[in-house]
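Each chain gets a letter, A, B and so on, in the order its sequence line appears, and its residues count up from 1.
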Protein chains: 2
Amino acid sequence: MSKTTIRDVAKRAGVGVGTVSRVLNNSPAVSETTRGKVQSAIEALNFSPSLAARRLSRGKTMAIGVIVPFFTNPSVVRRLQGIVSVLSVSKYDLVLFDIEKVNQRDSFLRTIPQRKMADGLLLVSLTPTDADVEQFSLANVPTVLVDAYHPALNHVRVDNIAGGYQATKYLIELGHHKIGYISDYLDDPFNSPVRDRFTGYKQALAEAGIEFRAEYHCEDRHGRFQAQQMTHNLLTLPDPPTAIFAYSDTQAIGVIEAAQELGLSVPDDLSVIGFDNIEAAEYLHITTIRQALFESGVQGAELLLSLMQTPTSEPQEILLPTELIARHTTTQYINGTF
Amino acid sequence: MSKTTIRDVAKRAGVGVGTVSRVLNNSPAVSETTRGKVQSAIEALNFSPSLAARRLSRGKTMAIGVIVPFFTNPSVVRRLQGIVSVLSVSKYDLVLFDIEKVNQRDSFLRTIPQRKMADGLLLVSLTPTDADVEQFSLANVPTVLVDAYHPALNHVRVDNIAGGYQATKYLIELGHHKIGYISDYLDDPFNSPVRDRFTGYKQALAEAGIEFRAEYHCEDRHGRFQAQQMTHNLLTLPDPPTAIFAYSDTQAIGVIEAAQELGLSVPDDLSVIGFDNIEAAEYLHITTIRQALFESGVQGAELLLSLMQTPTSEPQEILLPTELIARHTTTQYINGTF
DNA sequence: CACCAAGATGGAACCGGTTCCAATTGGCGA
DNA sequence: TCGCCAATTGGAACCGGTTCCATCTTGGTG
């Protein structure tokens, strides 16, 4: 049983508790001989200090809270992997919170900073409301957003408007005029990228003089299956699109499955472009807009660690690049009549 | 700032600290009027209790430690998703530890239980040594292994020997005699499944009267790229195998890539079977042995929670089934001359 | 040889909850 | 009216570290 306390150690080593504490914390103000005595007492008693007591007396948790929505989403997982890679070699523990239901958002976003559960917070793919932000600053816990934006908070993200533009423009350059957009719900307040990419999509259309057609945009919950459904509807329209821009690679997979189901060939009958460049996109040779998912986690975690060391008054912003990766699901549009 | 303590609340409500504590913990021994006073004081002061203090005084952390090796491995992630799905609706926090380097294993496995960092422990895909197990029981922290085995510990796993047998037997039934096994290092003490599947592989061979050929077994670090390398070697042997059993789907993907690189068609020139049924296996139509990855996490977490409620003296064992999923990377062996 | 600063050390107070015991109050039966 | 018990309540002690201040050495200095 590790009921041994610092006082037991002190008694056994014949020193005061303060000295034991100093040894535990590598304070230089301990003579070598005393340090030795304490150390051997520690070993003899198989003592190791209670984290809880340490946290309380130091007023620090030595933990970083990571809040993630829909932990099953591959791009979220990839970002988290980046975060883990940084934190697992830091001295901080990583406490993971997964938000699956809407009502969890509020309670988490409010109670976690309040209760001083963590010395720092990382929000992944979660755009906080102004009210949330107020809670954060009230609690005075350093916070970094990864793949989300708020003017008052530090963040790491990509330019999603540019990314949406890039994807759509590529399809246009391939000769497509009838381009669908398959996405999550646009009005999800916590998901700003979905709106930004949509904006980029419309910008590219407008720039090319192509009129936006409302029936070419479908929205639903995120997921491969939902994307498949939506695509089915899109492709059975009287005048179906010849290319589809999917908000995510996961959805692009659903799009491709729907096309196959209808006997259409990708890319010959339908061009498909995704977004994220998750691993599966590589296996399946999906043309996509790459964003550095893992890297975003790394940078977010590093930014947070540095801010915990030395806070800045201005919110820090890191903008990562996006990059078009042309693979095998997109091709030149050949006019039906030729 | 949330510097407000329970004493401030007590003062403001005109009651004792004990009473405030009782209100916080929904003790029935508080009159409604007092409860009301305290509650409004709490709201007025925007008070929320310090987790650290609570942990110390209660002697419980309300956290569950999850120790995971190589968090980038998709099957590990999938199990973790199962764990998260259970814990995120429980009252416990999930503290995640990722072990990437060998020396981290020892320090984690030793210090985490010791320091009472968590009220319960979940080890994923990590077979502990006897010495580790002793530490666990010494610390008296309930522990459940997921995808690992030790006679003295609770665990959730599949029968990997049977799985390896199943995979190999299937290839044999398809007419293959020259069957390779691509795997992680067999002598990794923390990875027992790799040995078990190998055992199953050899059993199936033996049963069919096929002699085991050492040159048909390759081992390396886990990974798609390494698998690709190994397969390249295997396929350029003077007498190459006609089928390959890969320890994991990730490795199966590498195997397939190597075959394509050499201009061989899968499954016509080479049958490939994987293990795990990760999501990518579905996309890529890889024949595999399905094991319920997500489910294993769910069951492990549930078992742990129940053990934390009511400990059992005997270690609990949950055995999940494996299932062959025939897809498009395996086919009948057609004798070359035919 | 006296004096002082720097280096060690001991230990009380503290971090902010929980818990348990003693004290107070009110209701009710005898 | 009095005694007794149950329901409430107050608050000291405690959880196990850290920290700061007072105390005690020591070695160097004039």
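For DNA chain D, the residues of residues 14-22 of chain A within the heavy-atom distance limit of 4.0 Å (strictly under) are Gly18(A), Ser21(A), Arg22(A), sorted by number. Against DNA chain C, the stretch residues 49-58 of chain A makes heavy-atom approaches under 4.0 Å through Leu56(A), Ser57(A). Near-neighbour residues of DNA chain D inside residues 27-35 of chain B, defined by a heavy atom below 4.0 Å, number-ordered: Ala29(B), Val30(B), Ser31(B), Thr34(B).
In this entry the distance linking CD1 of Ile6(A) with C1' of dC14(D) reads 16 Å, nearest Å. A straight line from NZ of Lys3(B) to P of dG16(C) spans 8 Å, rounded to a whole angstrom. Atom pair Arg7(A):CZ and dC14(D):P shows a separation of 11 Å (rounding to whole Å applied). Between Lys60(B) atom NZ and dG16(D) atom C1' there is a gap of 17 Å when expressed in whole angstrom units. Rounding to whole angstrom units, CE of residue Met117(B) and P of dG17(D) are separated by 14 Å. The separation between Asn25(A) atom CG and dT19(D) atom P is 7 Å, rounded to whole Å. One can place NZ of Lys116(A) at 13 Å from C1' of dG16(C), the figure rounded to the nearest angstrom. In this structure, Asn26(A) places its CG atom 15 Å from P of dA8(C), rounding to the nearest Å.
The backbone N or O of Gly297(B) lies less than 3.5 Å from no partner atom in the side chain of Gln299(B), so there is not a single donor-acceptor pair. Between the side chain of Asn154(A) and the main chain of Thr143(A), a donor-acceptor pair closer than 3.5 Å is present. Remark: side-chain polar atoms of Asp132(B) are paired, donor with acceptor, to backbone N or O of Thr129(B) under 3.5 angstrom.
A distance of 11.0 Å separates NE2 of His155(A) from NE2 of His150(A), quoted to the nearest 0.5 Å. How far CG of Leu121(B) is from CZ of Phe136(B): 6.0 Å, rounded to the nearest 0.5 Å. With rounding to the nearest 0.5 Å, the separation of CG in Leu307(B) from CD in Gln316(B) is 6.0 Å. Distance CG/Asp98(A) to CD1/Ile83(B): 12.5 Å, rounded to 0.5 Å.
In this structure the side chain of Ser88(A) never reaches within 4.5 angstrom of the side chain of Phe71(B), judged on heavy atoms. Within the 4.5 Å cutoff, the side chain of Leu24(A) has heavy atoms near those of the Ile6(A) side chain.
When each of dG17(D), dG16(C), dT18(C) is scored by its nearest atom to the side-chain atoms of Thr5(B), the top-ranked nucleotide is dG16(C).
No side-chain N or O of Gln104(B) forms a donor-acceptor pair with one of Glu100(B) less than 3.5 Å apart.
Around atom NZ of Lys37(B), more than 12 heavy atoms belonging to other residues, nucleotides or ligands sit under 6.0 Å away.
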